[in-house]
Amino acid sequence: MKTILLPTDFSKNSINAINYAVKLLAHESCNFYILNVQKASSFISDDLMTVSSSATIYATLVDAAKASIKNIISQIEKNNKNKKHRFHSIVDYDNFVDAINQTSKIYNVDLIVMGTKGASGLSKVLFGSNTVRVMQRCKIPVLAIPHGCEFKSLDNLAFATTNSKKFELEEIEILREIMIMNKSSLQIYHLGDQNHFVYETDENINFFNQNFSQLKHEFVDTPKEDMFNVVSDYIKKNNIDMLAIMNKKHSFLERLFATHSVEKLAFKMEIPLLVMQQQ
């Protein structure tokens with residue numbers, strides 16, 4: 001049975017991500033843990049005035065969050081009626097990333113699914129700050145679902161990589177499982193630049209050929225400042241339904257999703273992004 005963590009702030013984006021995860025894993029036996037993380041600043045002074053003397057701020061926050069999660073679960077169960085799925089409610093009062101790391105460890109989470117806000121607004125980065133921090137600081141694979149993205153058949157998956165290190169199967173197992181669930185094809189997009197070429201290309205080609213079926217390889221040299229646009233163009237031209245990347249500190253994730261102004265963005269991420277963690 002898979003264990004899936006679904007962080008929510010009760011926004012439309014986070015609810016959409018929850019619904020996406022339920023449909024993606026419709027045929028899998030899963031425990032879904034819906035997590036809401038509260039913080040003291042979420043209470044403003046007017047709220048404090050309404051708290052009765054017998055209640056604490058903590059209890060009031062937690063009770064309201066639990067009620068909201070209960071409503072989400074009731075709606076999901078009403079719409080899906082999937083006996084393979086079990087839902088659990090968690091409310092934490094902590095730093096957001098710390099709460100996710102602790103929950104992931106306690107429940108042995110296999111995948112985190114989160115909603116994103118897209119790239120609207122001149123001051124916005126591609127993903128919400130919480131999502132980026134989880135990608136960078138959590139050891140669990142993260143599937144980021146863009147605003148308004150609804151589940152559809154995942155026929156074509158792409159894995160963009162700089163091949164800076166030989167991969168291990170356990171690091172990339174979630175990608176293979178998603179492929180098997182959806183009977184997807186996989187395109188490996190090997191990226192290199194003048195300062196960081198594809199060091200382990202041959203070993204990784206053999207690795208993928210041995211562990212994946214229905215795949216093809218494509219190679220491209222690109223300056224690191226153009227990496228985002230090169231990958232996004234590739235996604236559009238090849239009708240990619242989900243992009244996967246491998247993250248490690250000070251590496252591909254930072255170069256691929258460095259802050260861009262909206263005027264310079266040639267592409268808005270409209271497909272799910274799977275970020276796997278290199279150990």
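We count residues from 1, following the sequence as given.
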(request) Go through D110 and I174 one step at a time and tell me if the side-chain contact (heavy atoms from CB on, under 4.5 Å) criterion holds. (result) CA-CA 8 Å; D110 299 301; I174 188 66; 5.6 Å; no

(message) Are the side chains of Q136 and V275 in contact, using a 4.5 Å heavy-atom criterion?
(response) no

(message) Does D241 form a side-chain contact (heavy atoms from CB on, under 4.5 Å) with S153? I'd like the steps, not just the answer.
(response) CA-CA 8 Å; D241 300 307; S153 177; over 6 Å; no

(message) As an exercise, state the distance from OG of S68 to CG of N36, rounded to the nearest 0.5 Å.
(response) 7.5 Å

(message) According to a hydrophobic-cluster definition based on side-chain heavy atoms being under 4.5 Å apart (Ile, Leu, Val, Met, Phe, Trp, Tyr only), do M246 and L169 belong together?
(response) yes

(message) Between F207 and I172, does the side-chain contact (heavy atoms from CB on, under 4.5 Å) criterion hold? Intermediate values first, please.
(response) CA-CA 11 Å; F207 168 83; I172 210 164; 3.7 Å; yes

(request) Give a yes or no answer on whether the side chain of N238 reaches the backbone of I240 with a donor-acceptor pair at less than 3.5 Å. (result) no

(message) Counting C-beta onward and ignoring hydrogens, is there a side-chain heavy-atom pair between F10 and I72 closer than 4.5 Å?
(response) yes

(request) Using the salt bridge (charged side-chain N to carboxylate O under 4.0 Å, His left out) rule, collect all pairs that involve residues 79-100, keeping only residues at least two apart or in two chains. (result) D98-R137

(request) Quick one: pull up CE in M242 and NZ in K152 and give me the separation to the nearest 0.5 Å. (result) 11.0 Å

(request) State, yes or no, whether a side-chain contact exists between T8 and L6 at a heavy-atom distance under 4.5 Å. (result) no

(message) When you group the ILVMFWY residues by side-chain heavy-atom contacts below 4.5 Å and let the links chain together, are I178 and I180 in the same group?
(response) no

Expected list for residues 99-108: side-chain donor-acceptor pairs under 3.5 angstrom, two or more places apart:
residue, atom, partner, partner atom, Å
T103, OG1, A99, O, 2.8
S104, OG, I100, O, 2.7

(request) Kindly assign one of parallel, tilted or perpendicular to the pair F219 and H190, based on the angle between their ring planes and the thresholds 30° and 60°. (result) parallel

(message) Side chains of N156 and S185 only: does a donor on one sit below 3.5 Å from an acceptor on the other?
(response) yes

(message) With heavy-atom distances below 4.5 Å as the criterion, would you say the side chains of K2 and L111 are in contact?
(response) no

(request) To the nearest 0.5 angstrom, please state how far the NE2 atom of H27 sits from the NE2 atom of H85. (result) 9.0 Å

(request) Using a 4.5 Å cut-off on heavy atoms from C-beta on, say whether the side chain of E171 contacts that of Q278. (result) yes

(message) Treating N16 as the side-chain partner and H147 as the backbone partner, does any N or O pair qualify as donor plus acceptor under 3.5 Å?
(response) no

(message) Please find the pair of heavy atoms, one from A244 and one from M276, that lie closest to each other, and give the distance.
(response) CB-CE, 4.0 Å

(request) Examine distances only and state if a side-chain atom of N247 and a backbone atom of M135 form a donor-acceptor pair shorter than 3.5 Å. (result) yes

(message) Please give me the minimum heavy-atom distance between C149 and Y20, naming the atom from each residue.
(response) O-CD1, 3.9 Å

(request) Check the side chains of D9 and S11 for a donor-acceptor pair under 3.5 angstrom, ignoring hydrogens and angles. (result) yes

(request) Give, for atom CG of N19 and atom CG of N79, the distance between the pair rounded to the nearest 0.5 Å. (result) 7.5 Å

(request) Begin with the C-alpha distance, continue with both residues' side-chain angles, and end with the deciding distance and a verdict on side-chain contact (heavy atoms from CB on, under 4.5 Å) for N182 and L24. (result) CA-CA 9 Å; N182 293 275; L24 172 66; 3.8 Å; yes

(request) Give, for atom CG of L273 and atom CE of M114, the distance between the pair rounded to the nearest 0.5 Å. (result) 12.0 Å

(message) With a 4.5 Å cut-off on side-chain heavy atoms, are F96 and V134 touching?
(response) yes

(message) Using modelled atom types and a 3.5 Å cut-off, is there a donor and acceptor pairing between side-chain atoms of N31 and backbone atoms of T3?
(response) no

(request) Name the orientation class of the two ring planes belonging to F212 and F208 (parallel below 30°, tilted from 30 to 60°, perpendicular beyond 60°). (result) tilted

(request) Locate the shortest heavy-atom distance separating I145 from P272; write the atom from each residue and the value. (result) CD1-CB, 3.9 Å

(message) So I34 and I73, do their side chains get closer than 4.5 Å, heavy atoms only?
(response) yes

(message) So, taking the atom named CG in N82 and the one named NZ in K23, what distance separates them when rounded to the nearest 0.5 Å?
(response) 12.5 Å

(message) So H217 and L215, do their side chains get closer than 4.5 Å, heavy atoms only?
(response) yes

(message) Taking CD in E170 as the centre, count heavy atoms belonging to other residues, nucleotides or ligands within less than 6.0 Å. Is the count above 12?
(response) yes

(request) Examine distances only and state if a side-chain atom of S184 and a backbone atom of L154 form a donor-acceptor pair shorter than 3.5 Å. (result) yes

(message) Show the nearest heavy-atom pair for residues L5 and Y33, with the distance to one decimal.
(response) CD1-O, 3.4 Å

